[in-house]
Amino acid sequence: MYRERETQRVGTLVIGAGQAGLSVGYHLARHGLPFLIVDAGARVGDAWRNRWDALRLFTPARYDGLAGLPFPAPGGSFPTKDEMADYLEAYARHFDLAVRTGVRIESLTRRNGRFVATAEAGRFEADSVVVAMSSHQAPRTPAFASQLDPEIVQIHSCNYRNPGNLAPGGVLVVGVGNSGADIALEVARTHPTCLSGKESGAIPFRIEKGLYRNGVVRLFRFLGHRILSAGTPIGRKLRPAMRRRAAPLIRVKPGDLSAAGIERVDRVAGVRDGLPLLADGRVVDVRNVIWCTGSVPSFTWMQFPIFDELGEPRHERGVVTEVPGLYVVGLTFLYAMTSATITGVGRDAAYVVNAIRSRRAAPRAVDERRVVPAA
């Protein structure tokens, strides 16, 4: 027999319990605003916990804490992904943030002036909604990947954990971003490895050196936080390209790849006889392919006509003006180059929470049930 889903009413619903969602929760709690954070993961921090085993952060621990709680590690160390996941879980517990895990929102609509978020476990009604999710959600692989020989192990970087995921034999890593370079360097210790594509540059120093950890990182944070932002002419000029372009290699350098015996090959253009075909006409005979080809936004569950050419919600510094009461945090270059990073997400969260406060205080002079798409 059909049973109507239980409905819970909240002031602000925050979707996502990563660093973005927890930062929003922290600022909502500071101002005494009622809220609930929901997340599809089984535990707070699972977005970090479920990445590949050897992943470490690129920033020293002294810069990896969120507002109000320093990261519990030596300042010059580079935390592992599990340490970051555990820190986020501890952060939610330390500030007693209202978080419900195991809740995947399936649709978000608005009825009679209130938002309605539907999940398998029930429904939520809210005056405001903050979508605290990154720009990278759905793994991207080329359409021709399905034409590869079914005996070839294919895995996307978001599902890769360690070389134990792979079959014996050669490995083709596709994509020379930071994930592709890190993973290629790891699998090359146990498997003959080819790396396809060309990197988008590399920073010209070692991040483990004291000069970087104690000085250069501060300069980069200042530039990314204060100069390369939507509040400056140069930031506005560079923002469109920076939203699309892959980041330069940070920890791994091109020379490291060569020294590890990794063969650099042309980009993968298709499939021939079940094997990867390169743009230069060569065929690569491998038993494994790791797609380090990035991820794309996946906001189709938000049932509003508000998306730009990249598939992200249109907004003004996180405020979705076309749908009053809807906000976003955590997107790439939402306001500044640091917006999607641990060091930058707090500022965006504070701004959005101030917008929520202002909206709550303002008289409702218009009918907010009407959503008008931008021209």
Between the CZ atom in R244 and the OG atom in S135, the distance rounded to the nearest 0.5 Å is 12.0 Å

Could you tell me whether D46 and R49 have a side-chain N and a carboxylate O separated by less than 4.0 Å? yes

What are the two closest heavy atoms between L97 and L22, and how far apart are they? CD1-O, 3.7 Å

CG (N165) and OH (Y160) are apart, to the nearest 0.5 Å, by 6.5 Å

Please determine if R56 and E83 form a salt bridge, counting it only when a charged side-chain N lies under 4.0 Å from a carboxylate O. no

For atom CD of E151, is the number of surrounding heavy atoms from other residues, nucleotides or ligands below 6.0 Å larger than 12? no

Test side-chain contact (heavy atoms from CB on, under 4.5 Å) applied to V329 and V14, V353, V345, V131, the passing residue: V345

More than 12 heavy atoms from other groups under 6.0 Å of CZ on R161: yes

Around atom CD of Q137, are there more than 12 heavy atoms from other residues, nucleotides or ligands closer than 6.0 Å? yes

Atom CZ of R236 with >12 non-hydrogen neighbours under 6.0 angstrom: yes

When the ring planes of F71 and Y87 are compared, do they come out parallel, tilted or perpendicular, using 30° and 60° as the limits? tilted

Mind checking the OG-CD spacing from S196 to E263? Nearest 0.5 Å is all I need. 11.0 Å

Is it the case that over 12 heavy atoms from other parts of the model lie below 6.0 angstrom from the CD1 atom of I234? no

Closest non-hydrogen atoms of V352 and V328, given as atom of the first, atom of the second and distance, are CG2-O, 4.0 Å

Return yes if a side-chain donor-acceptor contact under 3.5 Å exists between T7 and R123, otherwise no. yes

Out of curiosity, F95 CZ to R30 CZ, how far, rounded to the nearest 0.5 Å? 10.0 Å

Would you kindly check if the NZ (Lys) or CZ (Arg) of R359 is within the cone defined by 45 degrees around the ring axis of Y327 and under 6.0 Å from the six-membered ring centre? no

Under-4.0 Å salt bridge between D285 and R287: yes

I'd like to know if L13 and M302 are part of one continuous hydrophobic network [Ile/Leu/Val/Met/Phe/Trp/Tyr, side-chain heavy atoms within less than 4.5 Å]. yes

Side chain to side chain contact (heavy atoms under 4.5 Å, CB included) assessment of V174 paired with T141: CA-CA 10 Å; V174 183; T141 56; over 6 Å; no

Electrostatic pair R243:D308 at N-O distance under 4.0 angstrom: yes

Take a 6.0 Å sphere around CG of D280 and say whether it holds more than 12 heavy atoms from other residues, nucleotides or ligands. yes

Sub-4.5 Å side-chain heavy-atom contact between I37 and V44: no

Is it the case that one hydrophobic cluster holds both M242 and I250, taking links as side-chain heavy atoms less than 4.5 Å apart, direct or via other members? no

Starting at OG of S298, measure out to NE2 of H136 and round the result to the nearest 0.5 Å. 13.5 Å

What's the separation between atom CH2 in W52 and atom CG in N162, rounded to the nearest 0.5 Å? 12.5 Å

Measure the acute angle between the ring planes of F304 and F115, then classify it against the limits of 30° and 60° as parallel, tilted or perpendicular. perpendicular

